[in-house]
Amino acid sequence: MKWEGNRESDNVEDRRGDGGGGGGFGGRSIGLGTIAIALVASYFFGISPTTVISLLSGGPVTQPQSQQAPAPNRANQPEDRQTKFVKTVLADTEDVWTQIFRANGKTYAPPKLVLFSGATQTACGTGQTASGPFYCPGDRKVYIDLSFYQLMQQRFHVSGEFAQAYVIAHEVGHHVQNLMGVMDKVNNAERQMSKAQANAMSVRLELQADCLAGVWAFHANQARSILEQGDVEGALNAATAIGDDALQKQEQGYVVPDSFTHGTSAQRVRWFKQGVSSGEVKSCNTFEVKTL
């Protein structure tokens with residue numbers, strides 16, 4: 001992926017080293033998710049990731065302590081390549097979605113991206129590394145612990161900078177859904193549904209975010225020629241690795257379709273490809289199609 005030298009966003013809040021806070025998630029946060037056994041359990045059985053992590057480690061069920069070492073002073077420290085990369089990708093999403101919204105007579109209000117380590121407070125409760133990158137509609141912020149990228153490579157054997165960019169673009173896709181009012185409609189509808197029906201609605205929400213990530217890639221490549229050979233394949237590998245069916249098969253040896261909340265590997269690949277090939281938001285209406 002070609003990104004060096006492009007604009008970096010200053011809409012980034014760096015909380016690494018600030019320490020976290022206790023408590024589980026309050027409210028709905030939207031993320032790639034399900035990157036550890038703890039999160040899988042939370043999706044399938046409604047158990048707090050914090051509780052599962054504690055049980056798996058053999059310790060008592062306790063909440064993380066908020067008292068941690070003082071944050072290091074990052075002023076005047078040179079930024080690492082990964083931080084610069086994240087800022088550049090965020091800037092690219094800002095440019096693309098600003099243009100798309102403007103073309104439709106609307107104004108795009110970009111999300112702030114928060115870099116954290118371990119745990120951090122959000123309007124959706126305490127965000128934790130075990131949750132993976134996520135978007136909190138309550139404060140309109142995207143949260144990411146950059147160690148997730150190491151996990152992508154070590155656990156899922158997914159590497160490449162464009163695959164990492166896809167992660168950010170997916171979460172920004174949730175922000176776009178929030179601005180478009182899609183998220184409110186889904187939340188309201190889910191209140192009237194069974195658990196299985198609500199899960200199915202969540203799948204459509206996630207797949208639309210995958211498609212919107214593809215829309216971003218289409219326009220970013222047209223404007224700045226960011227794609228190199230193998231980039232799209234890398235993103236598709238990421239989408240494949242984090243499909244609900246692949247994760248369930250890996251963790252428990254079988255799949256439970258009614259518990260899917262993010263979509264199968266094939267579905268995630270299909271909808272990302274839909275966005276990256278069409279470049280049109282209207283092609284991402286996962287709520288109207290019968291077959292995902």
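Worth knowing before you read on, the calculation uses all heavy atoms, side chains too, and leaves out hydrogens, waters and symmetry mates.
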Tell me, please, which residues at least two apart from [X] pass side-chain hydrogen bond (donor to acceptor under 3.5 Å, both in side chains).
X      : answer
Thr291 : none
Asn178 : Tyr135
Lys112 : Asn11
Glu94  : Arg7, Ser9

Hey, are the side chains of [X] and [Y] touching, using non-hydrogen atoms and a 4.5 Å cut-off?
X      : Y      : answer
Arg224 : Asp95  : yes
Val289 : Trp271 : yes
Gln82  : Gln150 : no
Val89  : Met1   : yes
Pro133 : His170 : no
Thr122 : Phe134 : yes
Trp216 : Val172 : no
Glu206 : His174 : yes

Once salt bridge (Lys or Arg N to Asp or Glu O under 4.0 Å) is applied, do any residues pair with Arg102, and if so which ones, sequence neighbours excluded? none
Taking salt bridge (Lys or Arg N to Asp or Glu O under 4.0 Å) as the test, write out the residues that go with Glu288, two or more places apart. none
Could you walk me through whether Ile100 and Val281 satisfy the side chain to side chain contact (heavy atoms under 4.5 Å, CB included) test, starting with their C-alpha distance in whole Å, then the side-chain angles of each, then the deciding distance to 0.1 Å, before giving a yes or no? CA-CA 9 Å; Ile100 292 176; Val281 174; 4.1 Å; yes
Just do the side chain to side chain contact (heavy atoms under 4.5 Å, CB included) check on Met193 and Met201 with the steps written out, would you? CA-CA 9 Å; Met193 295 178 174; Met201 185 66 72; 3.2 Å; yes
Listing request: all disulfide bond (SG atoms under 2.5 Å apart) pairs with a residue in residues 177-232, at least two apart in sequence or in separate chains. Cys211-Cys284
Reported NZ-to-CD1 distance for the pair Lys87 and Ile168, which is rounded to 0.5 angstrom: 12.5 Å
Nearest-0.5 Å distance, OG1 of residue Thr286 to CG of residue Leu207: 6.0 Å
Indicate every side-chain donor-acceptor pair of residues 140-147 with a distance under 3.5 Å to a residue at least two apart or in another chain.
from   : atom 1 : to     : atom 2 : distance (Å)
Lys141 : NZ     : Glu13  : OE1    : 3.4
Tyr143 : OH     : Asp139 : OD2    : 2.6
Asp145 : OD1    : Ser147 : N      : 3.0
Asp145 : OD1    : Ser147 : OG     : 2.9
Asp145 : OD2    : Gly118 : N      : 3.1
Asp145 : OD2    : Thr129 : OG1    : 2.6

Got a sec, which residues hit ring-ring contact (aromatic ring centres under 6.0 Å, His included) with Phe85, two or more places apart in sequence or on another chain? Trp3
Should His175 and Tyr108 be marked as a side chain to side chain contact (heavy atoms under 4.5 Å, CB included) after you check the CA-CA gap, both sets of side-chain angles, and the distance that decides it? CA-CA 10 Å; His175 178 65; Tyr108 179 65; 3.6 Å; yes
Does Ala223 have any side chain to side chain contact (heavy atoms under 4.5 Å, CB included) partners at least two apart in sequence or in another chain, and if so, which? none
Across all chains, not counting sequence neighbours, the side chain to side chain contact (heavy atoms under 4.5 Å, CB included) partners of Phe218 are Gln222
Please walk me through it: do Met180 and Gln208 pass side chain to side chain contact (heavy atoms under 4.5 Å, CB included)? CA-CA 12 Å; Met180 293 170 58; Gln208 186 179 61; 5.6 Å; no
Indicate the atoms forming the closest heavy-atom contact of Thr107 with Phe101, along with that distance. O-CD2, 3.7 Å
